[in-house]
Amino acid sequence: MNAPIAIIGTGIAGLSAAQALHAAGLEIELFDKSRGSGGRMASKRSDAGSLDLGAQYFTARDRRFVEVVQQWQARGWVAEWTPGLYNARDGLLSASPDEQLRWVGSPRMSAITRALLGALPVKFSCRITEVFRGDRYWSLQDAEGNSHGPYSHVIIATPAPQASALLAAAPKLAGAAASVIMEPTWAVALGFDTPLDTRVEGCFVQDSPLDWLARNRSKPGRDNRLDTWVLHASSVWSRQHLDLPREAVIEQLHGAFAELIGCAVPPPSFTLAHRWLYARPAQTHQWGALADADLGLYACGDWCLSGRVEGAWLSGQDVARRLLEHLQ
Ligand code: FAD
Ligand code: NAD
């Protein structure tokens, strides 16, 4: 019997692995606890249009990723974003232009993972709670008590804290994943009926509850009915205010935004808050991916490299390479 490979997680890492294995002619099945793909690159549909609440843009530095991003651009999945960039330090706002190429999904961040998923078989709204091996094959158990399988291999492509529990069959891998600390990020969107009188379109922020803000309509193809801004709190502030009610988070980050943006900020007509519990790994690693090749259990994700889109994509490629090498 030729059993398929199960991949848990349809973020960019899981889909990067899925693409590479599919291209090599292997059968795969994907699972995600969410209703759609993308994970931290997902976009939220809202009354203010589609909003990128997680990854804001990405850069490509590794040659392999540069090449794939060029292909994505040719297919219309991504576009360059050239915001009016600023930096805010000690409450002082200053223009901070640079030459860095920055990419966004087009017309929304989730366009990339949606396109990568294509027609690959996937089960959404399916939280995997257990990964276990019989004599030869792997099975998965979900939160509803259903089992899935058999599978020849399992790739876990979730954030590290979620991966460690699913890696119980390989204690060394589980231990490595458990050692990764992932920091939270509160994200807030504010929509204004009248555009704010500012040239700021993206801003790196220091010494504030915020660490980033972006003007949604400055990204290519976005809805521009409202002037909507996405604000990210710093890891420190997010950790300190992890359980603050959403309304209070919106109020405090709105206040910080009004203080630093340097123009009049009216009450927003649209607000939204989202808490990313596992937003970014506290440290980078050089693992590429985790593998117990004899067992057939693997893990990948941004936390195996750098906590960026590029790191996650490269980790997915690495896990697929290791699995394919072991099959030869
Ligand atoms: P994820 O995207 O987290 O995917 C994991 C998937 O696994 C999710 O879809 C989840 O639903 C699923 N899952 C988890 N547990 C289970 C389970 N038990 N069963 C089934 N499915 C499960 N990177 C940049 O390069 N530039 C940026 O500007 C940037 N900004 C960011 C801002 C924020 C607020 C956040 C949160 C992240 C940002 N990042 C940025 C980081 C980037 O988004 C991530 O590095 C990348 O998207 C991680 O991809 P991944 O596939 O490793 O994990
Ligand atoms: P990048 O090169 O644009 O930014 C890297 C870092 O360099 C920035 O965080 C910023 O501190 C600094 N920087 C870059 N250009 C600047 C400029 N013109 N003026 C002032 N400072 C500048 O992109 P990257 O290396 O791909 O990093 C990805 C970004 O994603 C980072 O900003 C990172 O903080 C962010 N991120 C955020 C989260 C989260 O949870 N909020 C998670 C992962 C990544």
Side-chain angles (χ1 to χ4, degrees), residues 6-18 30-42 52-61 65 81 83-89 94-104 109-110 112-113 116 122-131 140-143 148 156-163 165-166 182-188 202-206 210-212 214 230-235 237-238 274-282 284 289 299-316 319:
I7 302 180
I8 306 169
T10 63
I12 189 75
L15 287 168
S16 163
L30 290 136
F31 294 85
D32 205 294
K33 67 181 174 60
S34 298
R35 279 181 296 169
S37 64
R40 282 170 277 160
M41 283 179 86
D52 307 332
L53 293 178
Q56 296 293 295
Y57 65 86
F58 57 93
T59 57
R61 297 183 177 126
F65 192 54
W81 182 43
L85 259 190
Y86 282 70
N87 191 55
R89 182 183 288 279
S94 54
S96 192
D98 64 20
E99 299 296 314
Q100 177 68 54
L101 209 52
R102 293 183 174 84
W103 299 98
V104 292
M109 201 49 110
S110 59
I112 302 165
T113 53
L116 289 175
V122 60
K123 286 194 174 75
F124 285 123
S125 304
C126 184
R127 180 194 290 270
I128 302 301
T129 51
E130 219 183 310
V131 175
L140 311 180
Q141 179 94 17
D142 70 27
H148 307 268
I156 294 158
T158 68
Q162 291 155 326
L166 300 177
M182 295 198 67
E183 300 282 5
T185 294
W186 267 112
V188 159
C203 184
F204 299 102
V205 187
Q206 290 92 41
L210 295 170
D211 84 353
W212 167 256
V230 172
L231 322 178
H232 284 164
S234 68
S235 300
W237 192 93
S238 301
H274 181 85
R275 187 182 69 172
W276 297 98
L277 208 44
Y278 306 127
R280 59 170 133 203
T284 59
C300 62
D302 63 341
W303 50 277
C304 291
L305 283 167
S306 67
R308 299 160 50 239
V309 170
E310 180 177 50
W313 184 85
L314 287 169
S315 178
V319 91

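Just so you know, ligand 1 is whichever comes first in the structure, and atom 1 is the first atom listed for that ligand.
Within the listing of ligand 1, atoms 32 (C), 33 (C), 34 (C) sit less than 4.0 angstrom from a heavy atom of His232. Heavy-atom proximity to Asn87, at under 4.0 Å, picks out these atoms of ligand 2: 20 (C). Each of the atoms 1 (P), 2 (O), 24 (P), 25 (O) of ligand 2 lies under 4.0 Å from some heavy atom of Arg61. Proximity to Ala279 (heavy-atom distance under 4.0 Å) selects the following atoms of ligand 1: 36 (C), 37 (C).
Shortest contact from atom 41 (C) of ligand 1 to any protein heavy atom: Gly307 O, 3.7 Å. Ranking protein heavy atoms by distance to atom 47 (O) of ligand 1, first place goes to Met41 CG, 3.5 Å. Protein heavy atom nearest atom 2 (O) of ligand 1, with residue, atom name and distance: Arg40 N, 2.8 Å. Summary of contacts: the protein heavy atom closest to atom 26 (N) of ligand 1 is Tyr57 O, 2.7 Å. What sits closest to atom 16 (C) of ligand 1 on the protein, heavy atoms only, is Thr158 CG2, 3.7 Å. Among all protein heavy atoms, the one lying closest to atom 23 (N) of ligand 1 is Val309 N, 3.5 Å.
Any N or O atom pair closer than 3.5 Å counts here, and Gln100 shares no such pair with ligand 2. Ligand 1 has no nitrogen or oxygen under 3.5 angstrom from a nitrogen or oxygen of Glu310. Polar contact check, Trp276 against ligand 1: no nitrogen or oxygen pair lies under 3.5 Å apart. Residue-to-ligand polar distances place Ile12 within reach of ligand 1: an N/O pair is separated by less than 3.5 Å. At a 3.5 angstrom cut-off on N or O pairs, Asp32 counts as close to ligand 1. Between Ala312 and ligand 1, a contact under 3.5 Å exists for no N or O pair.
Between Met182 and Pro161, the closest heavy-atom pair is SD-CD, 3.6 Å.
Counting heavy atoms under 4.0 Å from ligand 2, residue Arg40 does not touch it at all. Of the heavy atoms in Asp302, both backbone and side-chain atoms come closer than 4.0 Å to ligand 1. Of the heavy atoms in Tyr57, only side-chain atoms (C-beta onward) come closer than 4.0 Å to ligand 2. At a heavy-atom distance under 4.0 Å, no atom of Ser37 approaches ligand 1.
Contact annotation: Trp212 has no heavy atom less than 4.0 Å from any atom of ligand 2. Gly38 counts as a contact of ligand 1, since one of its heavy atoms falls under 4.0 Å from the ligand. Distances shorter than 4.0 angstrom do not occur between any heavy atom of Phe58 and any atom of ligand 2. Under a 4.0 angstrom heavy-atom cut-off, Ala187 registers as lying outside contact with ligand 1.
By heavy-atom distance, the residue among Ala157, Gly9, Ala163, Ser306 lying nearest atom 5 (C) of ligand 1 is Ala157. Of the listed options Ala55, Gly14, Ser125, Ala55 places a heavy atom closest to atom 40 (C) of ligand 1. Summarising the contacts of atom 18 (N) of ligand 2 with Ser96, Ala187, Ala233, the nearest heavy atom is found in Ser96. The heavy atom nearest to atom 40 (O) of ligand 2, considering only Asp98, Thr185, Leu101, Thr59, is found in Thr185. Of the candidates Glu99, Arg280, Glu310, Gln206, it is Arg280 that places a heavy atom closest to atom 38 (C) of ligand 2.
Between Asp142 and Lys123 there is no salt bridge, since no side-chain N of the basic residue sits under 4.0 Å from a carboxylate O of the acidic one.
You'll find the side chain of Ser37 reaches within 4.5 Å of the side chain of Leu15, heavy atoms only.
Separation of the Tyr57 and Trp103 ring centroids does not fall under the 6.0 Å cut-off.
With values rounded to the nearest 0.5 angstrom, Leu314 atom CG is found 12.0 Å from Arg61 atom CZ.
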